[in-house]
Amino acid sequence: MIKPDATGKSYTGAIIDRFLKAGFSIKAMKWTKLTKEEAGAFYAVHKERPFYAELVEFMSSGPIIAAVLEKENAVADFRKLIGATNPAQAEEGTIRKDFAASVGENAVHGSDSDENAVIESNFFFSQLERF
Ligand code: CMP
């Protein structure tokens with residue numbers, strides 16, 4: 001996902017370019033906006049965390065881009081490409097280092113496992129929307 005901070009600052013094109021240049025291919029993509037209920041459901045795994053309410057509020061505050069990206073070793077390579085959750089700790093040249101402002105408003109989300117990638121892809125896309 002490209003998050004509301006990044007879509008709001010018009011970083012969308014530059015971030016998608018990073019995905020493509022890193023060798024990811026786009027299987028599905030959409031511009032949409034999450035309701036609070038949808039953002040809450042997407043991040044349900046974090047329900048007990050102190051930042052959950054803030055996360056849900058932020059993720060429903062503006063448009064996002066949801067995408068399914070494909071590559072060998074995609075989960076690990078994507079996490080390398082985006083950098084640490086907290087942009088202050090992200091390595092030079094990573095998307096969060098270059099485009100994110102804070103741990104909450106950190107520009108992009110990536111699935112943390114193949115299993116969650118399937119769950120998160122199914123959250124946004126039907127089979128008819130994947131090419
Ligand atoms: P993401 O990869 O989308 O997965 C969960 C998100 O929770 C994470 O990126 C951060 O944006 C957010 N998050 C994690 N820790 C904090 C925190 N301490 N305060 C606010 N948001 C956080």
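Counting convention: from 1, in listed order, for ligands and their atoms alike. Both backbone and side-chain heavy atoms feed into the values below; hydrogens, waters and symmetry mates do not.
Each salt bridge (Lys or Arg N to Asp or Glu O under 4.0 Å) pair with one or both residues in residues 70-95, not counting sequence neighbours, appears once here: Lys27-Glu70, Lys71-Asp77, Asp77-Lys80, Glu92-Lys97. Annotation: ring-ring contact (aromatic ring centres under 6.0 Å, His included) contacts involving residues 86-114, sequence neighbours excluded, comprise Tyr11-Phe99, Phe42-His109, Tyr43-His109.
Once rounded to the nearest 0.5 Å, the distance linking CD of Glu38 with OG1 of Thr32 reads 7.0 Å.
Phe125 meets the ring-ring contact (aromatic ring centres under 6.0 Å, His included) test with no other residue; sequence neighbours excluded.
Contact check for Ile15 versus Val108: side-chain heavy atoms found under the 4.5 Å cut-off.
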Mind listing the N or O contacts between ligand 1 and protein, cut-off under 3.5 Å?
unit_1	atom_1	unit_2	atom_2	d
ligand 1	2 (O)	Arg96	NH2	3.3
ligand 1	2 (O)	His109	ND1	3.3
ligand 1	3 (O)	Lys3	NZ	2.7
ligand 1	3 (O)	Tyr43	OH	2.6
ligand 1	3 (O)	His109	ND1	2.9
ligand 1	9 (O)	Lys3	NZ	3.2
ligand 1	9 (O)	Asn106	ND2	3.3
ligand 1	11 (O)	Lys3	NZ	3.1
ligand 1	11 (O)	Val103	O	2.9
ligand 1	11 (O)	Gly104	O	3.4
ligand 1	11 (O)	Asn106	OD1	3.3
ligand 1	11 (O)	Asn106	ND2	3.3

Self-check item: Lys30 and Glu129: CA distance, side-chain angles, deciding distance, salt bridge (charged side-chain N to carboxylate O under 4.0 Å, His left out) verdict
Solution: CA-CA 9 Å; Lys30 70 171 71 160; Glu129 296 173 295; 3.4 Å; yes
